[in-house]
Enquirer: 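Below is a structure I'd like to ask you about.
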Amino acid sequence: MLVVAIIGLLAAIALPRFADLVIKAKEAAVKGKLGTFRSALTIYYADNEGQYPWNLDNNEVTQTLTTGGKYLDAPLKISVPTVLAHLEDSNVGYGLTSLDWFYIAGPRAAYIYSQLSGQIVVNCVHTDTSGRRWSTW
């Protein structure tokens, strides 16, 4: 009985920590994909004499970077693990302001991209597990 009680106590302590680790791992995956996107934009910028992709519609940036697989093999899908309503998506909205997973002139957008600066961020105004806004990543 004592052994079962100790195992139960250890499980009660370990399970909440394990759940936090799963969310942190998913957050790290989002950061990794965002880093990959930024690297692809930097390489594109270097290849095109200081010009970032200029998007006229919602996903021209993604199409430009994935055509021929030179910069990205496929659109990078992300979901925000701390906000269940932000389902997996790869759309890119453009502008300077994060609109929390939605884009006024089109469908929802997981990323916000500024074609002037080449900056790309996660399009979410909620916070991650450390309290930092997703759109500041």
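As a basis for the values below, the full set of heavy atoms in this structure was taken, side chains included, without hydrogen atoms, waters or symmetry mates.
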Enquirer: Tell me whether Leu9 at atom CG has more than 12 heavy atoms from other residues, nucleotides or ligands lying less than 6.0 Å away.
Expert: yes
Enquirer: Using a 3.5 Å distance criterion without hydrogens, assess whether the side chain of Gln115 forms a donor-acceptor pair with backbone atoms of Pro53.
Expert: no
Enquirer: Considering only heavy atoms from C-beta outward, does the side chain of Thr66 approach that of Pro75 to under 4.5 Å?
Expert: yes
Enquirer: State yes or no: do Leu2 and Leu10 share one hydrophobic cluster built from I, L, V, M, F, W and Y residues joined by side-chain heavy-atom distances below 4.5 Å, directly or via other members?
Expert: yes
Enquirer: Would a 4.5 Å heavy-atom cut-off, applied to side chains only, mark Leu72 and Thr36 as touching?
Expert: yes
Enquirer: Is there a side-chain contact between Ser90 and Leu76 in this structure, where contact means two heavy atoms from C-beta onward sitting under 4.5 Å apart?
Expert: no
Enquirer: Within the 4.5 Å heavy-atom criterion, are Tyr113 and Phe37 side-chain neighbours or not?
Expert: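 Answer no - side chains too far apart.
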Enquirer: To the nearest 0.5 Å, what is the distance between OG (Ser135) and NE2 (His126)?
Expert: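 Separation between the atoms: 10.5 Å.
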Enquirer: With the threshold set at 4.0 Å, does a side-chain nitrogen-carboxylate oxygen contact exist between Lys24 and Asp128?
Expert: no
Enquirer: For Thr42, does its backbone N or O pair with a side-chain atom of Arg38 as donor and acceptor, under 3.5 Å?
Expert: no
Enquirer: Do the side chains of Ile120 and Trp137 join up, straight or via other hydrophobic residues, at under 4.5 Å, putting them in one cluster?
Expert: yes
Enquirer: Would you call Val80 and Val30 a side-chain contact if the rule is heavy atoms closer than 4.5 Å?
Expert: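 Heavy-atom side-chain distance check fails, nothing below 4.5 Å.
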Enquirer: Do His86 and Cys124 have side chains that approach each other closer than 4.5 Å (heavy atoms only, starting at C-beta)?
Expert: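 SC-SC contact between His86 and Cys124 confirmed.
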Enquirer: For Glu88 and Lys77, which heavy atoms make the closest approach, and how far apart are they?
Expert: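 Residues Glu88 and Lys77, closest heavy atoms: CG-CB, 3.5 Å.
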Enquirer: Looking at every heavy atom in both Leu41 and Gly118, which two are closest together, and how far apart are they?
Expert: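 Distance-wise, the nearest heavy atoms are CD1-O, 3.5 Å.
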Enquirer: Would you compute the distance between atom NZ of Lys70 and atom OG1 of Thr64 and round it to the nearest 0.5 angstrom?
Expert: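 OG1 of Thr64 is found 12.5 Å from NZ of Lys70.
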Enquirer: Using only atom types and a distance under 3.5 Å, with no angle test, would you say the side chain of Ser117 pairs donor to acceptor with the backbone of Gln119?
Expert: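 Judged by distance alone, yes, a pair lies under 3.5 Å.
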Enquirer: Determine whether Val122 and Leu87 fall in the same hydrophobic cluster, where Ile, Leu, Val, Met, Phe, Trp and Tyr are linked whenever their side-chain heavy atoms lie under 4.5 Å apart.
Expert: no
Enquirer: Give the cluster check for Leu34 versus Ile23: same hydrophobic cluster or not, with ILVMFWY residues linked at side-chain heavy-atom distances below 4.5 Å.
Expert: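 No: no chain of side-chain contacts under 4.5 Å links Leu34 to Ile23.
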Enquirer: Are the ring centres of Tyr44 and Tyr71 closer than 6.0 Å?
Expert: yes
Enquirer: Linking I/L/V/M/F/W/Y whenever any side-chain heavy atoms sit under 4.5 Å apart, do Ile43 and Tyr52 land together?
Expert: yes
Enquirer: The test is side-chain contact (heavy atoms from CB on, under 4.5 Å); show your working for Asp20 and Thr129 and say whether it passes.
Expert: CA-CA 8 Å; Asp20 286 346; Thr129 55; over 6 Å; no
Enquirer: Check whether any side-chain heavy atom of Asp89 lies under 4.5 Å from a side-chain heavy atom of Trp101, and answer yes or no.
Expert: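 Yes, at least one pair of side-chain atoms sits under 4.5 Å.
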Enquirer: So which of Thr82, Thr127, Asn123 actually passes side chain to side chain donor-acceptor pair (under 3.5 Å) with Trp134?
Expert: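 Going through the options one by one, the only one that passes is Thr82.
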Enquirer: Looking at Lys33, I'd like to know if its NZ atom is crowded, meaning that more than 12 non-hydrogen atoms belonging to other residues, nucleotides or ligands lie closer than 6.0 Å.
Expert: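 Check passes, neighbour count above 12.
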Enquirer: What is the distance from atom CG of Asp73 to atom CG of Leu65, rounded to the nearest 0.5 Å?
Expert: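 Result: 11.5 Å between the selected atoms.
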